[in-house]
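Below: the structure, in structure tokens.
Protein chains get the first letters and strands the later ones, always in sequence-line order, with residue 1 at the start of each. Keep in mind it's a predicted model, so treat the numbers as computed, not measured. Atom set for the values below is all heavy atoms of this structure, side chains included, hydrogens, waters and symmetry mates excluded.
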Protein chains: 2
Amino acid sequence: MPQRSPGGPISLSVIKTACSGCNLRELCLPLGLSAEELERLDDLVSVRRRVKRGEHLYRSGTPFDSIFAIRSGFFKTDVLIEDGREQVTGFQMAGELLGLDGISSEHHTCNAVALEDSEICAIPFARLEVLSREIHTLQHHFHKVMSREIVRDHGVMMLLGTMRAEERLAAFLLNLSQRFTARGFSHAEFYLRMTREEIGSYLGLKLETVSRAFSRFQEEGYIAVQQKHIRILDVAGLKALMNHHR
Amino acid sequence: MPQRSPGGPISLSVIKTACSGCNLRELCLPLGLSAEELERLDDLVSVRRRVKRGEHLYRSGTPFDSIFAIRSGFFKTDVLIEDGREQVTGFQMAGELLGLDGISSEHHTCNAVALEDSEICAIPFARLEVLSREIHTLQHHFHKVMSREIVRDHGVMMLLGTMRAEERLAAFLLNLSQRFTARGFSHAEFYLRMTREEIGSYLGLKLETVSRAFSRFQEEGYIAVQQKHIRILDVAGLKALMNHHR
DNA sequence: GCGCGTGCTTGATCCATGTCAACGGGGCAG
DNA sequence: CTGCCCCGTTGACATGGATCAAGCACGCGC
């Protein structure tokens with residue numbers, strides 16, 4: 001069991017901002033809402049806070065009452081089993097939601113850890129349900145977000161169940177690239193916020209295998225790697241590699 | 001590629017029954033509803049139909065408009081990629097919902113195939129959203145069901161990412177056993193509706209590996225297998241095996 | 001009742017990835 | 001500036017599961 005830092009796991013400094021002024025509103029929950037509806041969502045999303053690198057936003061087993069939207073930063077979610085095995089279930093970036101897994105049992109079922117200093121918006125779930133009864137667009141969009149999470153998970157199952165090491169890593173890099181692009185960052189150049197071990201855990205590989213695959217991609221000229229700095233040189237090459245199954 | 005049966009993929013014989021009289025109402029969507037609310041759900045769930053063994057309930061890429069509740073029978077869902085690889089994403093039994101993945105893009109993103117003659121209830125999603133705005137219990141329960149699906153997927157990711165072959169199969173058998181129990185069937189004795197290959201696809205293993213693991217479990221006295229007929233002899237043994245990681 | 005096909009089992013071998021080990025570099029603490 | 005620790009890289013070797021191949025059992029159609 002991970003130990004709690006004294007005085008609670010999360011830093012509580014509150015930031016004042018609103019969905020209506022948030023540049024992520026086209027990615028995040030507010031998508032498709034009118035100005036007036038957006039204001040009602042603002043009321044609901046009153047708590048914003050910072051989570052420092054390495055801190056938990058929530059832990060598996062703790063009571064669930066809010067979902068969280070990432071305003072800035074980068075998170076991982078993971079599940080641990082007794083014998084110490086860890087499975088990273090996802091990496092989340094700005095505009096994505098955290099905590100949906102907690103709705104079913106009213107307790108979080110995974111850990112969410114900031115991989116860099118981050119800011120999140122807490123959305124009290126009970127109030128979200130009330131509001132989404134009134135705002136159809138919000139209701140529907142929320143359902144889409146949950147469904148998208150399920151589809152994403154199926155993709156990971158595909159990856160874990162059928163792909164070999166290099167395919168997995170290629171898929172991972174292309175996915176990150178695409179998500180960075182959607183946020184207005186370079187699609188070709190980015191910093192990884194996670195370690196090789198965390199990548200490995202997510203992809204069902206050991207860190208050495210991840211490292212070797214990175215090296216091979218570099219030798220082949222698909223990417224340039226230096227530690228956590230990645231430059232994608234040949235998107236098509238990486239894509240081709242993914243169909244390269246025996 | 002599975003071929004389409006002439007005249008469309010699904011048999012359309014309609015069965016007349018109601019949620020209010022359904023013995024699955026404690027497992028399925030109606031959970032927690034009052035008699036009066038249940039009647040309103042009945043109105044919504046008007047289409048019931050049979051899907052014969054081997055037939056598709058829906059296919060990846062087709063438009064989404066309903067989710068489906070399984071009234072009786074057994075399904076698999078799978079995702080295919082171009083080069084023919086298949087990933088089975090789940091096996092579903094009576095009382096479980098199918099099609100949640102389609103909400104996000106308004107198209108189904110996987111195939112649902114009956115593994116035995118089955119009966120399903122179609123729930124038009126747009127109408128479910130309307131009704132769940134009016135019935136809070138229904139809204140909340142629906143959210144829980146979606147969330148449970150996410151949690152389940154995380155479990156599969158854990159399995160695929162960190163477990164070895166025998167652990168995966170043990171986890172699979174225990175999970176089936178537990179779900180049969182919840183439906184009032186024997187926890188110790190059941191028929192598998194799926195082939196070794198489908199089990200393998202779900203567990204990220206080849207069919208030979210699945211077969212060998214079954215044989216080993218039998219040698220060890222954990223189970224008795226004869227083709228698709230499984231008898232679990234030592235639940236504790238199977239559970240112990242799951243922590244048996246090197 | 002017989003023959004065929006599909007699915008299952010089992011054996012032999014191979015290979016991708018895991019494991020173990022050594023080393024190097026960068027960043028942070030003092 | 002110096003030293004340490006964490007992270008990443010690389011090599012040598014081990015192994016679990018994949019692959020290839022053969023044969024068997026059951027269910028179904030004729």
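Residue A:Thr209 has its side chain nearest to C:dG18 when only C:dC8, C:dG18, D:dG8 are considered. Closest to the A:Arg164 side chain, of the nucleotides D:dA18, C:dG7, C:dA16, is C:dA16. Side-chain proximity of B:Lys206 to the nucleotides D:dC26, C:dT17, D:dA18 is greatest for D:dA18. In the set D:dA18, D:dC7, D:dT19, the nucleotide with an atom closest to the side chain of A:Thr195 is D:dC7. When each of D:dC26, C:dT9, D:dG8 is scored by its nearest atom to the side-chain atoms of B:Arg196, the top-ranked nucleotide is C:dT9. Closest approach to the A:Arg212 side chain among D:dT9, C:dT10, C:dT19 is made by C:dT19 (side chain taken as heavy atoms from C-beta onward).
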- Working for side-chain contact (heavy atoms from CB on, under 4.5 Å), residues B:His56 and B:His108: CA-CA 12 Å; B:His56 280 70; B:His108 293 290; over 6 Å; no
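We find that CD of A:Gln226 is positioned 14 Å from C1' of C:dG27, with the value rounded to whole Å. Going from atom CZ of A:Arg193 over to atom P of D:dG8 covers 14 Å, rounded to whole Å. One atom, CD of B:Glu166, and another, P of D:dA18, lie 12 Å apart when rounded to the nearest Å. Rounding to whole angstrom units, CD of residue A:Glu208 and P of C:dT17 are separated by 14 Å. In this entry the distance linking CG of A:Leu169 with C1' of C:dT17 reads 14 Å, nearest Å. We find that CD1 of B:Ile230 is positioned 12 Å from C1' of C:dC8, with the value rounded to whole Å. Atom-to-atom, CD1 of B:Ile223 to P of C:dC8 comes out at 14 Å; the value is rounded to the nearest Å. Between the CZ atom of B:Arg53 and the P atom of D:dG27 there is a distance of 11 Å, given to the nearest Å.
Residue A:Leu207 is in base contact, counting any heavy-atom pair closer than 4.0 Å across all strands shown. Across all strands, A:Ser211 comes closer than 4.0 Å to base atoms (heavy-atom distances). In this structure, A:Gly200 reaches neither bases nor backbone, as no heavy-atom distance under 4.0 Å exists between it and the strands shown.
Judged by distance alone with a 3.5 Å cut-off, no donor-acceptor contact links the side chain of A:Gln227 to the base of D:dC7.
OP1 or OP2 of D:dT10 has at least one side-chain nitrogen or oxygen of A:Ser215 nearer than 4.0 Å. Contact between the side-chain N/O atoms of B:Lys228 and the OP1/OP2 oxygens of C:dG7 is not found at any separation under 4.0 Å.
The residues B:Arg216 and B:Glu219 are annotated as not salt-bridged, no charged nitrogen and carboxylate oxygen being separated by less than 4.0 angstrom. Salt bridge annotation for A:Glu96-A:Arg152: absent, with no cationic side-chain nitrogen under 4.0 angstrom from a carboxylate oxygen.
Judged by distance alone, the side chain of A:Asp78 and the main-chain N or O of A:Glu86 form no donor-acceptor pair under 3.5 Å.
Comparing A:Val225 and B:Arg168 along DNA chain D, the residue whose closest nucleotide (by nearest heavy atom) sits nearer the 5' end is A:Val225.
A:Gln92 pairs in a side-chain contact (heavy atoms from CB on, under 4.5 Å) with only one of the listed residues (A:Leu97, A:Ile120, A:Ile70), which is A:Ile70. Tested against A:Glu116, the residues A:Arg193, A:Lys52, A:Lys228 include a single salt bridge (Lys or Arg N to Asp or Glu O under 4.0 Å) partner, A:Arg193.
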